[in-house]
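Shown below is the structure under consideration.
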Amino acid sequence: MIAVKEALAIIEQHKGSFGSEVIPFEQSVGRILDEDVMADRDFPPFNRAAMDGIAISMSDWEKGMRSFPVSGEQFAGAPQQELTHGTCLEIMTGAVVPKEADVVIRYEDITIENGKASVNIEEVSQGQNIHPQGVDSEAGTILIPVGKQLTIGDVGILTSVGKVEVKVRRLPKAALISTGDELVEPHETPLPHQIRKSNIHTLATLLKKAGIDFTIFHINDSKEEITREIGEILKSYDLILMSGGVSKGKRDYIPEVLEELGVKKHFHRVMQRPGKPLWFGSNESTTVFGFPGNPVSTLACFMVYCRYWLQSSLEMKVQNQHAKLGREIRFEKELTFFASVSVKNELGELIATPIKGNGSGDLVSLSLADGFIELPAEKSIFKEGEVYPIYLF
Ligand SMILES: Nc1nc2c(c(=O)[nH]1)N[C@H]1C(S)=C(S)[C@@H](COP(=O)(O)OP(=O)(O)OC[C@H]3O[C@@H](n4cnc5c(N)ncnc54)[C@H](O)[C@@H]3O)O[C@H]1N2
Ligand code: MOO
Ligand SMILES: [Mg+2]
């Protein structure tokens with residue numbers, strides 16, 4: 001059995017790589033950019049009026065002019081005009097500042113009467129209310145660097161530079177497999193000795209949230225069936241997430257079958273609760289997580305290990321989150337404890353309060369949980385106010 005830290009290090013060593021793909025910008029938020037996005041022109045691309053008003057020349061102002069005949073209008077979307085010295089042009093926000101003009105004065109600061117604009121303020125400065133060409137970014141500079149996870153703010157940049165399609169890192173194609181003779185579909189009525197599947201649908205929801213395509217399978221607890229089905233599934237998927245069948249039970253065949261099928265075991269069992277029997281391995285094309293079947297274990301193992309594998313594989317820069325314990329908790333075993341917690345934000349601080357539940361089979365208590373807090377194996381008393389890593393759903 002290995003420690004959590006060692007398990008994570010092994011996962012990092014066995015990260016995947018799925019190449020890249022080109023997708024429409026509409027689908028790009030959350031994806032990892034696989035090219036630099038450059039400014040195709042200056043930002044802004046011309047001296048842009050930042051206020052509605054009039055455009056004048058500073059040299060006229062310096063000569064003492066305070067009243068300017070209006071010689072025309074410069075609207076947004078119209079080609080640049082040339083200002084005749086000794087006059088002004090009315091100008092709208094977003095318009096190109098006319099040639100020879102270098103000051104924009106707001107309508108609030110002028111009075112227009114009989115075709116003449118009189119300025120009502122004492123001072124103006126060269127360039128006022130003008131957003132100069134190239135000040136935000138010059139043509140050719142990198143606006144979004146390779147490796148960045150695209151955000152809402154990036155959509156505006158992509159479209160501004162004409163990137164209707166963008167190269168991103170491809171995501172793994174996943175298979176989700178539930179195992180167990182006791183499981184029936186959610187729409188079915190279970191017999192007294194059966195239960196409805198839940199883990200696989202929780203995992204499916206997590207993958208959907210991550211934008212990962214998946215197919216759901218079910219395999220019964222028969223060694224022949226497991227061998228046949230997994231043998232087939234291994235041929236077409238980058239990632240297999242399984243739930244159940246990895247512990248010590250007489251029909252927990254998953255670890256031995258995977259190894260017989262040539263999937264190399266990288267570790268089996270981690271010094272943690274929940275999720276101790278976690279199995280992780282891979283062959284040249286497919287990575288396999290065998291999550292322990294108890295619902296809280298499956299979820300915790302996905303949150304801690306599978307997400308880490310995805311982040312490593314996609315070379316994402318991730319900042320680990322931490323939270324303060326909302327109340328004292330004791331855990332005597334020499335295992336890392338991933339405690340289910342409800343989380344609230346109190347004046348900018350995350351407060352994680354452990355949820356009372358009945359162990360890793362208690363999926364009802366998960367309804368109150370927002371994530372897991374990681375309490376290290378070396379300690380057994382965790383005091384209110386202490387800060388620990390947190391994995392939020
Ligand atoms: N002798 C030992 N027994 C067990 C140990 C151990 O160390 N020694 N470990 C326990 C721990 S910890 C866990 S966690 C479980 C892991 O069990 P398996 O991964 O082998 O899973 P199963 O035996 O197939 O099922 C366990 C439990 O989970 C339910 N389950 C499974 N799949 C689903 C699903 N898709 N949706 C909902 N529930 C599911 C299943 O019905 C069982 O109740 O082993 C302990 N035993
Ligand atoms: O890992 Mo098991 O999840 O402790 O029940
Ligand atoms: Mg079992």
Side-chain angles (χ1 to χ4, degrees), residues 1-4 7 174-207 214-223 225-226 229-230 233 240-259 265 267-281 288-306 329 331-340 354-355 357-367 369 372-375 377 391:
M1 207 156 34
I2 59 170
V4 170
L176 294 182
I177 313 174
S178 56
T179 69
D181 292 338
E182 73 280 27
L183 302 173
V184 300
E185 296 300 326
H187 65 267
E188 291 177 324
T189 306
L191 296 169
H193 53 276
Q194 295 177 322
I195 58 166
R196 294 192 183 94
K197 289 176 194 172
S198 61
N199 294 350
I200 223 66
H201 300 293
T202 308
L203 291 174
T205 309
L206 288 162
L207 288 187
F214 57 85
T215 312
I216 293 181
F217 300 89
H218 177 78
I219 310 180
N220 287 314
D221 291 324
S222 128
K223 193 165 174 192
E225 190 178 327
I226 296 172
E229 295 286 324
I230 297 185
I233 294 167
I240 298 179
L241 305 183
M242 314 182 63
S243 134
V246 294
S247 187
K248 305 245 188 222
K250 280 183 132 174
R251 289 186 178 166
D252 288 339
Y253 297 122
I254 302 298
E256 62 183 272
V257 170
L258 283 168
E259 290 203 69
K265 176 182 85 179
F267 65 76
H268 186 194
R269 294 192 188 89
V270 185
M271 287 161 60
Q272 64 182 26
R273 180 173 293 167
K276 192 166 76 174
L278 173 65
W279 193 96
F280 174 70
V288 183
F289 285 88
F291 296 133
N294 279 326
V296 186
S297 312
T298 292
L299 181 54
C301 288
F302 179 92
M303 295 302 298
V304 176
Y305 298 101
C306 188
I329 177 168
F331 185 72
E332 309 286 345
K333 298 234 161 30
E334 258 189 62
L335 301 170
T336 298
F337 184 32
F338 293 104
S340 304
I355 285 165
N358 297 309
S360 60
D362 176 9
L363 84 148
V364 176
S365 65
L366 280 180
S367 172
F372 295 99
I373 197 161
E374 180 177 342
L375 305 174
Y391 302 83

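Ligands are counted one by one from 1 in listed order, and the atoms in each one are counted from 1 as well.
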Q. N199 to ligand 1: N or O pair under 3.5 Å?
A.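 Yes; at least one N/O pair falls below 3.5 Å.
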Q | Region of T298 that comes within reach of ligand 1 [heavy atoms, distance under 4.0 Å] | A | neither
Q. Would a distance-only check, ignoring hydrogens and angles, find a side-chain to backbone donor-acceptor pair under 3.5 Å from T205 to H201?
A.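 Checking the backbone N and O of H201 against the side chain of T205, a donor-acceptor pair under 3.5 Å is found.
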Q: Identify which of G293, P274, G245 has a heavy atom lying nearest to atom 30 (N) of ligand 1.
A: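 Checking each option, the heavy atom nearest atom 30 (N) of ligand 1 is found in G293.
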Q: Fit a plane to each ring of F289 and F280, take the angle between them on a 0 to 90° scale, and name the class: parallel (under 30°), tilted (30 to 60°) or perpendicular (over 60°).
A: tilted
**Q.** Check ion pair E185-K197 (N to O, under 4.0 angstrom)
**A.**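 K197 and E185: salt-bridged.
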Q) Out of G359, P186, C301, S247, whose heavy atom is nearest to atom 5 (C) of ligand 1? A) S247
Q. Do side-chain atoms of T179 reach the backbone of I219 as a donor and acceptor pair under 3.5 angstrom?
A.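 Checked: no pair found.
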Q) Near G244, which atoms of ligand 1 are under 4.0 Å from a heavy atom of that residue? A) 19 (O), 21 (O), 24 (O)
Q: State whether the side chain of N220 and the backbone N or O of S222 hold a donor-acceptor pair below 3.5 Å, judged by distance alone.
A: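 Checked: no pair found.
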Output block, N or O contacts of ligand 2, threshold 3.5 Å exclusive:
from	atom 1	to	atom 2	distance (Å)
ligand 2	1 (O)	G275	N	2.4
ligand 2	1 (O)	K276	N	2.9
ligand 2	3 (O)	G275	N	2.9
ligand 2	3 (O)	S297	OG	2.1
ligand 2	3 (O)	S360	OG	3.1
ligand 2	5 (O)	N294	ND2	3.1
ligand 2	5 (O)	S360	OG	2.2

Q) Backbone N or O of L191 within a donor-acceptor pair of the Q194 side chain at under 3.5 Å? A)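 Indeed, once roles are kept as given, a pair shorter than 3.5 Å links the two residues.
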Q. Just heavy atoms, cut-off under 4.0 Å: does S198 contact ligand 1 by side chain, backbone, both, or neither?
A. both
**Q.** side chain to side chain donor-acceptor pair (under 3.5 Å) partners for N294, two or more places apart
**A.** S360
Q. Does the gap between the ring centers of Y391 and F372 come in under 6.0 Å?
A. no
Q. Does S297 approach ligand 1 within less than 4.0 angstrom via side chain, backbone, both or neither, non-hydrogen atoms only?
A.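 The answer is the side chain.
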Q: Specify the closest pair of heavy atoms between V4 and E374, including all atoms of both residues, with the distance to one decimal.
A: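 Heavy-atom minimum between the residues: CG1-OE2, 4.1 Å.
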Q. Just checking, is any N or O donor in the side chain of E225 or Y253 under 3.5 Å from an acceptor N or O on the other one?
A. no
Q. Within the structure, does P295 bring an N/O atom to less than 3.5 angstrom of an N/O atom in ligand 1?
A.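 Looking only at distances, the answer is no, because the N/O contact criterion of under 3.5 Å is not met.
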Q.
For atom 8 (N) of ligand 1, what's the nearest protein heavy-atom neighbour? Residue, atom name and distance, please.
A.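 Atom 8 (N) of ligand 1 sits closest to the protein heavy atom K248 CG, 3.5 Å.
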Q. Would a distance-only check, ignoring hydrogens and angles, find a side-chain to backbone donor-acceptor pair under 3.5 Å from H268 to L278?
A. no
Q) Hey, looking at atom 13 (C) of ligand 1, which of L363, D221, N294, L335 has the closest heavy atom? A)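 Selected option, by shortest heavy-atom distance: N294.
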Q) With a 4.0 Å heavy-atom cut-off (strictly under), which part of D252 contacts ligand 1: side chain, backbone, both or neither? A)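 The side chain, only.
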Q.
Would the distance check show the side chain of R196 and the main-chain N or O of E188 forming a donor-acceptor pair, the cut-off being under 3.5 Å?
A.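 Such a contact is found between R196 side chain and E188 backbone.
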Q: Out of M1, E182, Q194, indicate the one that has the non-hydrogen atom closest to atom 41 (O) of ligand 1.
A: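 Minimum heavy-atom distance to atom 41 (O) of ligand 1 goes to E182.
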Q | Minimum-distance protein heavy atom relative to atom 11 (C) of ligand 1 | A |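 Minimum-distance protein heavy atom for atom 11 (C) of ligand 1 reads P277 CG, 3.8 Å.
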Q: May I ask you to identify the nearest protein heavy atom to atom 38 (N) of ligand 1, giving residue, atom name and distance to one decimal place in Å?
A: I195 CD1, 3.7 Å
Q: Go through ligand 1 atom by atom and flag the ones less than 4.0 Å from a non-hydrogen atom of S243.
A: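 Taking each heavy atom of S243 in turn, ligand 1 has 32 (N), 33 (C), 35 (N) under 4.0 Å.
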Q. Counting only heavy atoms not in R251, do more than 12 sit closer than 6.0 Å to its CZ atom?
A.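 No, not enclosed.
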